[in-house]
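None of these values were measured; they are calculated from a predicted model. The analysis underlying the following values was restricted to heavy atoms, covering all of them including side chains, and did not include hydrogens, waters or symmetry mates. First listed ligand is number 1; within each ligand, the first listed atom is number 1.
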Amino acid sequence: MNADADGSSGTVQCCIVGGGPAGMMLGTLLARAGVRTLVLEKHADFLRDFRGDTVHPSTLRIMDELGLLERFLERPHQKLEVIGGWFGKEHVQLGDFRRLPARYAFIAMMPQWEFLDFLADHARTLPEFDLRMRTEATGLLEEGGRVVGVRARSAGAELEFRADCTIACDGRRSTLRAAAALAVEDLGAPIDVLWFRVARDPAELDNSLARVAPGHFVVTIDRGTYWQCAFVIAKGGADALRARPIAEFRAQVVSAAPLLAPHIDADVGTWDDVKLLTVAVDRLTQWWKPGLLCIGDAAHAMSPIGGVGINLAVQDAVAAANLLATKLRAGTVGDADLAAVQRRRLWPAKATQAAQLAIQDNVLVPVMSGADSELTVPLPMRVLTAVPLLQRAMARLLGMGVRPEHVHSPELA
Ligand SMILES: Cc1cc2nc3c(=O)[nH]c(=O)nc-3n(C[C@H](O)[C@H](O)[C@H](O)COP(=O)(O)OP(=O)(O)OC[C@H]3O[C@@H](n4cnc5c(N)ncnc54)[C@H](O)[C@@H]3O)c2cc1C
């Protein structure tokens, strides 16, 4: 696709805003189907460390269906085959992926920039694909009550990109859904997350994901040479915590995750080493308006619980490509087609968010209140730990998600 002299493009068949999991997967699938596709991403690269690391079996299966799985797994990753954690002194085991089909019988713990970079590298080989980095959508172009593209800014220049259909994949703080004034239902997230790294002893055998002490919940993601750590705090509690000496924070972390003790002083020396990630859980009442569709977190912001948000965003992208690709190519996409994407993906989003809210309210909030100084393992976790069959069922549900999608969009590029 040739850029005009001012850097904007002629009319494309689909303009995708946001190069996260939803946008990059959708861009890849549409360009593969021969749809003239433009993806706008506001950052210069994918190298940001706040996006989560979990590539679930459902996403691995999509990569397999695209014939990309082997090459994808050449990127650095760790395989997580069982999910467990420490609840005080008791170890719980909640999911066992090893009975899923062998090619995706694990969660690939891969920094998200690797995943996005891989998709971008592949998509750039498709003639109908155009990715503009450092290009931030700032608003919608509307004519006669219909979205006909976006306004954007790149290197200080104001641009316009016209499109038969615009798809907002710009995440939980979506500029486009706000510009479209689509109604958002806030489902409530009582937590935020502090994110930091601590060196990992390569000989460490315990790669449990969750570590819980009274009042404290730490997630430790094995990234080979270091632990990517998340410390869960009550919503809005970051400022009060940051007003205290960093040593107090380190002590709280180590009370739940003693294995971090040897390196935490060196790696979390000041509050500058700790990043705040705010959590939101919400959903649009209607995901579309004429000419515009929202998917991924732009349609339904996900909590980090279960590490499913990336995978749900990818599933939305696959469903959208399945339902829209042929019509986008023919130039016949209408309101009913956009509504069909919402109909297909609303139930998985609702069910997954309901499960996240249940865990948030029944596990995280009681732990964080610190009221249970004995740390009683919740009954459902006890039952799961005792019954391997249930761990396999849980792994299937978590790994494949609700209503898993298959790639049906054509390969024409
Ligand atoms: C603290 C935290 C940890 C998480 N951990 C995990 C995890 O481990 N596993 C998991 O599966 N999920 C996790 N999630 C959820 C997950 O991050 C999201 O559900 C998922 O990233 C959604 O993908 P997306 O493509 O819809 O949006 P995003 O990943 O948010 O991508 C949106 C993209 O759009 C770009 N963008 C935004 N605005 C514009 C604009 N105006 N113009 C151009 N580009 C724009 C952004 O730069 C970004 O690249 C976590 C969430 C939080 C809050």
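In this comparison of His43, Arg172, Arg134, His56, the heavy atom closest to atom 53 (C) of ligand 1 sits on Arg172. Taking each of Gly171, Gly20, Gly23 in turn, the one with a heavy atom nearest to atom 27 (O) of ligand 1 proves to be Gly171. Between atom 3 (C) of ligand 1 and the options Pro304, Gly19, Gly296, Ala152, the minimum heavy-atom separation is to Pro304.
With a 4.0 Å heavy-atom cut-off, ligand 1 is reached by the side chain of Ala313 but not by its N, CA, C or O. Residue contacts with ligand 1, taken as heavy atom pairs separated by less than 4.0 Å, do not involve Asp316 at all. Only the backbone of Asp53 comes within contact range of ligand 1, with a heavy atom under 4.0 Å; no side-chain atom does. At a heavy-atom cutoff of 4.0 Å, ligand 1 is contacted by the side chain of Thr175 but not by its backbone.
Taking the centre and axis of the six-membered ring of Phe118, the NZ or CZ atom of Arg75 falls outside the cone set by 45° and 6.0 Å. With Trp227 as the aromatic partner, Arg211 meets the cation-pi criteria of under 6.0 angstrom to the ring centre and within 45 degrees of the ring axis.
With Leu292 as reference, Thr166 is the one residue of Leu338, Thr166, Val150, Ile167 to meet the side-chain contact (heavy atoms from CB on, under 4.5 Å) rule.
Trp287 and His300 have tilted rings, their planes meeting at an angle from 30° to 60° on a 0 to 90° scale. In this structure, Trp271 and Phe249 have tilted ring planes: the angle between them lies in the 30° to 60° band.
Any N or O atom pair closer than 3.5 Å counts here, and Ala137 shares at least one such pair with ligand 1.
Side-chain atoms of Thr28 and His122 include no donor-acceptor pair closer than 3.5 Å.
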